[in-house]
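Letters A, B, ... are given to chains in the order of the sequence lines, protein chains preceding strands, and every chain is numbered from 1.
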Amino acid sequence: MYFSKLLIPTLKESPADAEVASHKLMVRAGMIRQLAAGIYSILPLGLRVLKKVEAIIREEMNQVGGQEVFLPSIQPAELWQESKRWDFYGKELLRFKDRHNREFCYGPTHEEVITDIIRKDVKSYRQLPVILYQIQTKFRDEVRPRFGIMRGREFMMKDAYSFHTDEADTQKTYAEMAQAYANVFTRCGLEFKQVQADSGTIGGSFSHEFAVLADSGEDEIAFCNSCNYASNIEMAESKPKAGYERFPDPPQAELKEIHTPGKKSVEEVAEFLKLPRDQIVKTILLENENGLVAGLVRGDHEINPIKMKNLIGCEWLLPAAEKTINEKLGVPCGYIGPVNLDIPIYADQEVTTLGSFVTGANKADTHFTGVQVERDLKINKSGDLRLILADDPCPRCDEGKYQVKRGIEVGHIFILGTKYSEAMKAVYLDNNGKESPMIMGCYGIGVGRTAAASVEQNHDEKGIVWPRNLAPFEVIIIPVNFKNDDLKNTCESLYTQLKKEGVEVILDDRQDRLGGKLKDADLIGFPLQIIVGPKNLEEGKVEIKIRKTQESQLHPYPQIVNDIPNILKDL
RNA sequence: CGGGGCGUAGCGCAGCCUGGCUAGCGUACCUGCUUUGGGAGCAGGGGGUCGGAGGUUCGAAUCCUCUCGCCCCGACCA
């Protein structure tokens with residue numbers, strides 16, 4: 001391809017509204033343009049990158065037996081009402097009506113559509129398992145899209161769905177998918193981790209995320225510095241520290257009311273009573289479909305609402321509004337405590353191991369000391385309820401400690417169980433003629449997000465550094481002066497020969513001066529630059545420059561054609 | 001949804017507070033000449049209903065009201 005024939009509108013300056021590197025650079029490199037909040041046009045160079053990601057995904061999906069389909073992006077409300085998600089999905093689901101006043105939505109995901117297909121056309125255990133996938137535009141009306149195509153409202157996604165007769169077969173496909181995902185992200189040149197995750201509104205029992213490590217990531221990833229345990233911080237399991245010193249009061253500690261005027265926060269109470277924070281227990285109030293609930297964690301810990309929601313087994317769980325608390329309990333925030341508190345109480349496991357502790361007394365300006373779990377509290381359920389902290393002990397090995405880093409979720413795999421197949425009656429007959437719901441798995445990759453994540457991990461002050469497998473072109477030929485006939489002919493001949501060798505090459509045929517062309521090449525991030533100038537050419541040589549290292553060296557000219565494939569191998 | 005910020009040429013910005021010449025600068029773009037190995041120089045040129053509507057005024061990019069859009073922080077979502 002000739003550079004001048006492609007629409008590659010590079011910019012010298014970053015757009016004012018871009019925050020993160022991938023957003024700035026993809027706009028500057030002429031790959032994407034914004035149309036509306038969270039909605040982007042993909043320009044020729046950007047599309048070449050996305051197509052590279054897609055091609056890798058297709059190969060890996062086909063490898064594990066996936067069959068590609070293409071489902072409608074517009075979906076009728078009836079399907080979503082059947083799965084109950086019409087009500088539960090919320091405002092993120094973009095809904096609208098057609099001219100006949102029928103309700104539709106723009107698909108944010110395709111479990112309903114795929115389940116509808118399978119239930120109609122798959123009836124026998126002989127037809128299972130089936131794995132279908134598609135690469136297609138999704139729309140999720142996010143409250144706050146940001147970071148370019150990293151988190152758009154409209155975005156390209158690969159979604160795959162599998163249907164099985166039994167749990168073991170589902171697990172097998174799940175494991176193969178996990179491997180396929182690892183292959184995809186490895187081939188995309190990404191440093192990533194497979195982490196344990198919550199399944200959110202998709203539902204289901206079991207799930208992992210693939211997180212690309214990057215400071216601009218919106219997720220927090222917790223992983224062991226010794227073994228291979230890794231989890232989204234939302235799900236990261238806590239393990240009580242061995243040999244932890246319990247509150248040193250004797251077991252017969254007395255429940256005492258003390259006056260603590262104006263001391264609301266754990267810090268204030270700890271300082272006032274001259275106690276460490278871990279001898280105070282926080283009572284956090286949240287609200288679910290059944291009303292207020294209380295969560296107890298040690299003063300030096302924070303509650304993890306996701307873990308708490310899973311422990312309770314409720315539909316939803318949100319922090320309670322201060323107004324609700326005051327109305328229902330008649331106690332100002334800061335003095336709430338679990339003693340004689342008449343709502344369901346859930347305690348973190350590390351609270352139940354404390355000998356005695358301090359809590360609010362459900363009375364303004366008052367706390368209890370000497371509170372004991374067994375004697376003073378009615379706890380509905382206790383378990384792991386807290387957010388882990390860096391340096392906490394690893395839950396899977398003895399010597400490891402948690403490290404916490406930021407990550408970008410580029411892929412997510414779930415075992416759905418029978419949530420959709422039961423709601424939508426996707427059943428099969430087994431070899432006894434008995435009807436059962438199919439067991440499902442689903443598997444997603446954000447295509448644009450994967451490309452953006454690659455830029456986050458691979459860029460420098462000059463621009464993008466594409467790994468070879470994602471680069472829009474592998475090689476750019478840059479003539480120092482394209483008006484010079486010798487150079488022009490050499491470049492064109494080199495271009496033709498490389499193309500014949502199967503190298504993806506672009507020739508910068510623009511009349512611009514050298515500087516501008518080199519800046520653009522670095523900005524866009526072609527892995528290899530071949531610079532053809534008159535002086536070197538007289539000596540039968542051309543300059544080759546590696547984008548990543550900025551190292552350049554002279555190479556004999558006709559010979560270079562044969563050497564390029566080898567040089568590219570290492571990029 | 002709560003808080004904050006910004007809308008002036010493709011992109012980046014000044015001008016607004018304190019209303020007043022033909023709305024400016026950089027860059028990009030077009031023409032010509034020169035230049036040509038790391039974002040050239042000179043000369044000439046095109047491109048704006050100053051986000052929109054209404055109001056105040058002799059006069060509005062500038063003041064007032066409403067409205068739309070975009071961005072950031074948080075909450076939310078995955």
Atom CD1 of Ile567(A) and atom CD1 of Ile544(A): how far apart are they, to the nearest 0.5 Å?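 One gets 3.5 Å once the value is rounded to the nearest 0.5 Å.
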Distance in Å, Leu94(A) CG paired with Ile74(A) CD1, rounded so as to fall on 0.5 Å steps: 8.0 Å
With sugar-phosphate meaning primed atoms plus P, OP1 and OP2, does [X] contact a base, only sugar-phosphate, or nothing at under 4.0 Å between heavy atoms?
X	result
Pro9(A)	nothing
Asn536(A)	base
Asp219(A)	base
Gly515(A)	sugar-phosphate
Lys545(A)	base

Value in whole Å for how far the [atom2] atom of [N] lies from [atom1] of [X]:
X	N	atom1	atom2	value
Arg85(A)	C77(B)	CZ	P	15 Å
Leu317(A)	C76(B)	CG	C1'	14 Å
Glu218(A)	A78(B)	CD	C1'	10 Å
Gln34(A)	C70(B)	CD	P	7 Å
Leu7(A)	G10(B)	CG	C1'	12 Å
His412(A)	C77(B)	NE2	P	15 Å
Lys12(A)	C29(B)	NZ	C1'	13 Å
Arg153(A)	C70(B)	CZ	P	7 Å

I'd like to know if the side chain of [X] pairs up with that of [Y] as donor and acceptor (distance under 3.5 Å, no hydrogens or angles considered).
X	Y	answer
His110(A)	Lys138(A)	yes
Ser162(A)	Tyr174(A)	no
Tyr443(A)	His208(A)	no

Reckon [X] has a side-chain N or O less than 4.0 Å from the OP1 or OP2 of [N]?
X	N	result
Arg151(A)	C77(B)	no
Arg513(A)	A40(B)	yes
Lys91(A)	C77(B)	no
Gln511(A)	U36(B)	no

What nucleotide, of [options], holds the atom closest to the side chain of [X]?
X	options	answer
Glu19(A)	U36(B), C72(B), C77(B)	C72(B)
Glu92(A)	A78(B), G39(B), C77(B)	C77(B)
Phe414(A)	G39(B), A78(B), C72(B)	A78(B)
Arg144(A)	C70(B), G37(B), G74(B)	G74(B)
Ala16(A)	G38(B), G12(B), A78(B)	G12(B)
Lys535(A)	G37(B), G39(B), U36(B)	G37(B)
Asp17(A)	A75(B), G38(B), C71(B)	C71(B)
Ala37(A)	C72(B), C71(B), G26(B)	C71(B)
Arg140(A)	A75(B), A78(B), C70(B)	A78(B)
Glu543(A)	U35(B), C77(B), G38(B)	G38(B)

[atom1] atoms of [N] and [M], separation to the nearest Å:
N	M	atom1	answer
C13(B)	U18(B)	C1'	22 Å
C16(B)	A61(B)	P	14 Å
C30(B)	A9(B)	C1'	15 Å
G2(B)	A75(B)	C1'	8 Å
G45(B)	A28(B)	C1'	14 Å
C21(B)	G39(B)	P	40 Å
G48(B)	U65(B)	C1'	26 Å
G26(B)	U35(B)	C1'	22 Å

Pair partner, [N] [Watson-Crick or wobble, under 3.5 Å]:
N	result
C33(B)	G41(B)
A23(B)	none
C70(B)	G5(B)
C76(B)	none
G54(B)	C64(B)
G47(B)	none

Do the two ring centres, one from [X] and one from [Y], sit under 6.0 Å apart?
X	Y	answer
Trp80(A)	Tyr89(A)	yes
Phe414(A)	His412(A)	yes
Tyr495(A)	Tyr2(A)	yes

What about Arg146(A): does its side chain form a donor-acceptor pair under 3.5 Å with the base of C70(B)? no
Spell out yes or no: do the side chain of Glu234(A) and the base of A78(B) have one donor N/O and one acceptor N/O closer than 3.5 Å? yes
For Glu538(A), is the CD atom crowded, meaning more than 12 foreign heavy atoms sit under 6.0 Å from it? no
Closest-nucleotide 5' rank along RNA chain B - winner of Glu209(A) and Ile531(A):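 Residue closer to the 5' terminus by nearest nucleotide: Ile531(A).
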When the nearest nucleotide of RNA chain B is assigned to Thr10(A) and to Leu35(A) on a heavy-atom basis, which residue is associated with the more 5' position?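 This one resolves to Thr10(A).
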